[in-house]
Amino acid sequence: MTARGLFITVEGGEGVGKSTNMAFLEERLRGLGVDLVVTREPGGTALGEELRALLLQPREEPMAAAAELLLIFAARAQHIEQVIEPALAAGHWVLCDRFTDATYAYQAGGRQLPVSLVRELEQLVQGELRPDYTLLLDAPVDVGLSRAGERGELDRIEREQAEFFERVRATYLQLAEESSGRYRCIDASRPLDAVQSDLQGFCAELGQCWNARLG
Ligand SMILES: Nc1ncnc2c1ncn2[C@@H]1O[C@H](COP(=O)(O)OP(=O)(O)OP(=O)(O)O)[C@@H](O)[C@H]1O
Ligand SMILES: Cc1cn([C@H]2C[C@H](O)[C@@H](COP(=O)(O)O)O2)c(=O)[nH]c1=O
């Protein structure tokens with residue numbers, strides 16, 4: 001029987017270096033010789049990418065927090081059915097740039113929607129599916145926002161106030177503490193080579209976990 005693949009998610013606030021380090025992780029994990037599917041949320045399917053564009057486009061009409069939450073879970077339902085579940089079942093690893101921890105951080109933490117609402121939708125849309133490992137790239141909000149700002153125009157969510165992102169960061173740190181078995185937290189405010197040296201250690205740990213799973 002094929003061993004189910006590992007589901008690895010990468011999380012963090014704006015500008016912490018997710019994109020830069022996703023590329024690094026992808027290269028190192030492929031180097032381990034595993035079949036890897038790299039994807040992102042919101043997105044990862046044609047429908048999901050359309051929903052992402054709707055979510056991130058600045059708009060005059062404010063988006064209701066509940067509308068934002070439901071669009072995110074709609075994209076996630078499609079992503080799970082079309083990409084994530086089939087890949088894991090076939091024994092591929094899935095490396096996903098953000099998943100439901102982002103919903104806890106941004107919609108429950110940032111937007112202050114009830115956590116119970118996120119939990120109910122998580123159960124409805126995901127059933128038992130949860131990440132095996134979550135890498136949190138953590139940096140002070142001002143460090144991330146200034147890096148994100150250097151990239152050019154800000155999207156709808158990046159335009160939020162600093163207090164919103166402080167709540168996002170605090171929620172991520174709380175999740176990392178509550179789920180310390182699954183989380184690896186990396187100080188992303190350091191120079192890139194220090195961050196990537198820790199990422200290298202994380203990849204080695206994943207390789208060992210996989211070998212143990214294969215017996
Ligand atoms: N450790 C680091 N030290 C200094 N600069 C960094 C570091 N990591 C990333 N950067 C730079 O910060 C900027 C933002 O990085 P990146 O786009 O990877 O962040 P991100 O978290 O994916 O952002 P977002 O999620 O908002 O798209 C880029 O210019 C990148 O080169
Ligand atoms: C999955 C997810 C994402 N978001 C927000 C977080 C970011 O502002 C954008 C995604 O863009 P990035 O390139 O990954 O930075 O969407 C959210 O609010 N809730 C979620 O569940």
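Start at 1 and go down the list; that is how both ligands and their atoms are numbered.
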So between [options], whose heavy atom ends up nearest [atom]?
| atom | options | value |
| --- | --- | --- |
| atom 16 (P) of ligand 1 | V16, T20, I157, V195 | T20 |
| atom 9 (C) of ligand 2 | V118, D155, L56 | L56 |
| atom 4 (C) of ligand 1 | R147, R40, R98 | R147 |
| atom 20 (P) of ligand 1 | E150, M22, R190, K18 | K18 |

What are the atoms of ligand 2, with element, lying closer than 4.0 Å to any heavy atom of [X]?
| X | value |
| --- | --- |
| P42 | 1 (C), 2 (C), 3 (C), 16 (O) |
| E41 | 1 (C) |
| I157 | 5 (C), 8 (O), 16 (O), 18 (O) |
| R76 | 1 (C), 21 (O) |

Looking at [X] and [Y], does any basic side-chain N land under 4.0 Å from a carboxylate oxygen?
| X | Y | value |
| --- | --- | --- |
| R4 | E85 | yes |
| R30 | D35 | no |
| E81 | R76 | no |
| R111 | E160 | yes |
| R169 | D138 | yes |
| R130 | E122 | yes |

Looking only at distances, can you tell me whether any N or O atom of E14, backbone or side chain, sits closer than 3.5 Å to an N or O atom of ligand 2?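 Yes, there is a polar N/O contact under 3.5 Å.
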Would A188 count as a contact residue for ligand 1, given that I'm defining contact as a non-hydrogen atom of the residue lying under 4.0 Å from a ligand atom? yes
Answer yes or no: is there a donor N or O on one side and an acceptor on the other, between the side chain of R184 and the main chain of G181, under 3.5 Å? yes
Top protein contact for [atom], by heavy-atom distance:
| atom | value |
| --- | --- |
| atom 17 (O) of ligand 1 | R151 NH1, 3.0 Å |
| atom 21 (O) of ligand 2 | T103 OG1, 2.6 Å |
| atom 14 (O) of ligand 2 | R98 NE, 2.7 Å |

Check: P191 N/O within less than 3.5 Å of ligand 1 N/O: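 Such a contact does not occur with ligand 1.
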Do any nitrogen or oxygen atoms of G15 lie less than 3.5 angstrom from nitrogen or oxygen atoms of ligand 1?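 Looking only at distances, the answer is yes, because the N/O contact criterion of under 3.5 Å is met.
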Which residue in the set D101, V16, L137, T134 passes side-chain contact (heavy atoms from CB on, under 4.5 Å) when paired with Y172?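 Going through D101, V16, L137, T134 one by one, the side-chain contact (heavy atoms from CB on, under 4.5 Å) with Y172 is satisfied by D101 alone.
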Applying a strict 4.0 Å limit to heavy atoms, is K18 in contact with ligand 2? yes
Closer than 4.0 angstrom: is that true for some heavy atom of R52 and an atom of ligand 2? yes
Between Q200 and R28, is any side-chain donor less than 3.5 angstrom from a side-chain acceptor?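 Result is yes, a qualifying pair exists.
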